[in-house]
Amino acid sequence: RVLPESVAILEFLEDLHAAPELRPGDPQRRGHMRALIQIADHMLGPATFPLFAAVRGASVDAAAVRRGIDAVLGQFSAFANPAPWLVGPELSLADVVLAPTMYYVLALTRLAGDAVELAPYPALAAWWQHACAQPSLRMTLDEVDQGFRAFVHGLGRDPTALDGVL
């Protein structure tokens, strides 16, 4: 059977492979992790969807999209407690889910001409800097960046506009 949905696949892989553990052992931190995953997967990611259309030339209400993204970033920032990872001292599935989503938030808003800056969200800014420096996440983010640059180039847009996202 095929298992759809990236979060379900991540949980499945965690069940198969005990090390490294990407789910906190503490039930409260594990619940916190799941809540952050829900916010990233069901709120922040979808808030960027209209910008994919904008990159392809569709007309969107960029101000409304930006307000939506800012609202979710504010909620996420208030709920996250990076130390240095989203739910504590160890990398978790919340970090794995948020990292590519944050890449698209930063990249798509930059291409739309209204780049999100993380300075108003200092905890998320510190987390993003830490995430970009972590080797396995960075490898994934570099692959996402390479693929998105090729997509942007294929649309006849200048991929150098994405410089500085990572």
Side-chain angles (χ1 to χ4, degrees), residues 1-13 22 33-80 82 86 91-166:
R1 289 173 54 172
V2 174
L3 183 62
E5 296 298 325
S6 58
V7 175
I9 294 166
L10 289 170
E11 290 273 357
F12 172 73
L13 292 172
L22 294 176
M33 175 201 74
R34 287 188 173 122
L36 290 170
I37 288 171
Q38 292 294 314
I39 294 169
D41 206 34
H42 296 287
M43 295 172 72
L44 188 56
T48 68
F49 292 171
L51 295 178
F52 278 100
V55 167
R56 299 182 78 171
S59 177
V60 300
D61 184 347
V65 172
R66 178 58 188 266
R67 283 191 303 274
I69 290 170
D70 286 338
V72 178
L73 286 175
Q75 181 181 4
F76 202 96
S77 186
F79 194 63
L86 291 173
L91 180 73
S92 77
L93 291 178
D95 303 292
V96 171
V97 170
L98 181 61
T101 303
M102 186 61 72
Y103 170 86
Y104 284 116
V105 165
L106 298 172
L108 287 164
T109 59
R110 184 176 290 228
L111 286 173
D114 190 16
V116 163
E117 298 296 334
L118 293 178
Y121 315 100
L124 281 179
W127 169 83
W128 179 244
Q129 184 176 22
H130 188 73
C132 286
Q134 201 276 345
S136 62
L137 278 181
R138 182 56 187 241
M139 183 174 61
T140 299
L141 291 169
D142 285 342
E143 290 175 7
V144 169
D145 184 60
Q146 181 181 16
F148 192 61
R149 284 174 183 271
F151 170 74
V152 167
H153 179 73
L155 295 173
R157 303 272 313 260
D158 182 8
T160 62
L162 299 170
D163 293 352
V165 170
L166 293 180

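For reference, positions follow the sequence shown, starting with 1.
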Next item on the list: Output all residues satisfying side-chain hydrogen bond (donor to acceptor under 3.5 Å, both in side chains) with Tyr103, sequence neighbours left out; order by chain, then residue number.
Entry: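 Tyr103: side-chain hydrogen bond (donor to acceptor under 3.5 Å, both in side chains) contacts with Asp145.
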Notebook entry, point to check: What residues, two or more places apart in sequence or in another chain, satisfy side-chain hydrogen bond (donor to acceptor under 3.5 Å, both in side chains) together with Ser136?
Noted result: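 Once residues adjacent in sequence are excluded, the partners of Ser136 under the side-chain hydrogen bond (donor to acceptor under 3.5 Å, both in side chains) criterion are Gln134.
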Next item on the list: Decide yes or no on side chain to side chain contact (heavy atoms under 4.5 Å, CB included) for Arg66 and Val116, but give the supporting numbers first.
Entry: CA-CA 8 Å; Arg66 178 58 188 266; Val116 163; 3.7 Å; yes
Nearest heavy-atom pair of [X] and [Y]: which atoms, and what distance?
| X | Y | result |
| --- | --- | --- |
| Leu22 | Met33 | O-SD, 3.7 Å |
| Val97 | Ala40 | CG1-CB, 4.1 Å |
| Arg110 | Leu162 | CD-CA, 4.1 Å |
| Met43 | Val72 | CB-CG1, 4.0 Å |
| Val60 | Ala54 | CG2-CB, 3.7 Å |
| Ile37 | Ala94 | CG1-CA, 3.7 Å |

Checklist line | Reference residue Arg149; test side chain to side chain donor-acceptor pair (under 3.5 Å); the match among Thr160, Asp158, Asp163 | finding: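 Answer after filtering Thr160, Asp158, Asp163: Asp163.
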Next item on the list: Apply side chain to side chain contact (heavy atoms under 4.5 Å, CB included) to Leu73 and Met102, showing your working.
Entry: CA-CA 10 Å; Leu73 286 175; Met102 186 61 72; 3.9 Å; yes
Let me confirm one number: the [atom1]-[atom2] distance from [X] to [Y], rounded to the nearest 0.5 Å.
| X | Y | atom1 | atom2 | answer |
| --- | --- | --- | --- | --- |
| Ser77 | Ile39 | OG | CD1 | 10.5 Å |
| Ile69 | Leu108 | CD1 | CG | 7.5 Å |
| Asp41 | Leu98 | CG | CG | 10.5 Å |

Notebook entry, point to check: Should the ring pair Phe148 and Phe52 be called parallel, tilted or perpendicular, given that the plane angle runs from 0 to 90° and is split at 30 and 60?
Noted result: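 Phe148 and Phe52: perpendicular rings.
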Partner residues of [X] under the ring pair (Phe, Tyr, Trp, His ring centres under 6.0 Å) criterion, sequence neighbours left out:
| X | result |
| --- | --- |
| Tyr121 | none |
| Phe49 | none |
| His130 | Trp85 |

Margin query: Show, in sequence, the C-alpha distance, side-chain angles and deciding distance for Trp127 and Asp95, and conclude whether the side chain to side chain contact (heavy atoms under 4.5 Å, CB included) test is met.
Written below: CA-CA 9 Å; Trp127 169 83; Asp95 303 292; 2.7 Å; yes
Next item on the list: Please say which of Leu141, Leu106, Thr109 ends up in a side chain to side chain contact (heavy atoms under 4.5 Å, CB included) with Val165.
Entry: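 With Val165 as partner, side chain to side chain contact (heavy atoms under 4.5 Å, CB included) holds for just one option, Leu106.
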Notebook entry, point to check: In this structure, are over 12 heavy atoms from other groups packed under 6.0 Å from His153 atom NE2?
Noted result: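 No, not enclosed.
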Next item on the list: Could you tell me whether a side-chain N or O of Asp142 sits under 3.5 Å from a main-chain N or O of Met139, the two making a donor and an acceptor?
Entry: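 No; judged by distance alone, with no hydrogens or angles, the pair does not exist.
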Notebook entry, point to check: Are any of the side-chain heavy atoms of Val96 and Thr140 separated by less than 4.5 Å?
Noted result: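 Sidechains of Thr140 and Val96: no contact.
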Notebook entry, point to check: Which side-chain hydrogen bond (donor to acceptor under 3.5 Å, both in side chains) pairs, counting each pair once, include a residue from residues 45-60, with sequence neighbours left out?
Noted result: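 Non-adjacent pairs meeting side-chain hydrogen bond (donor to acceptor under 3.5 Å, both in side chains): zero.
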Next item on the list: Please lay out, stage by stage, how Leu91 and Leu137 fare under the test side chain to side chain contact (heavy atoms under 4.5 Å, CB included).
Entry: CA-CA 10 Å; Leu91 180 73; Leu137 278 181; 3.8 Å; yes
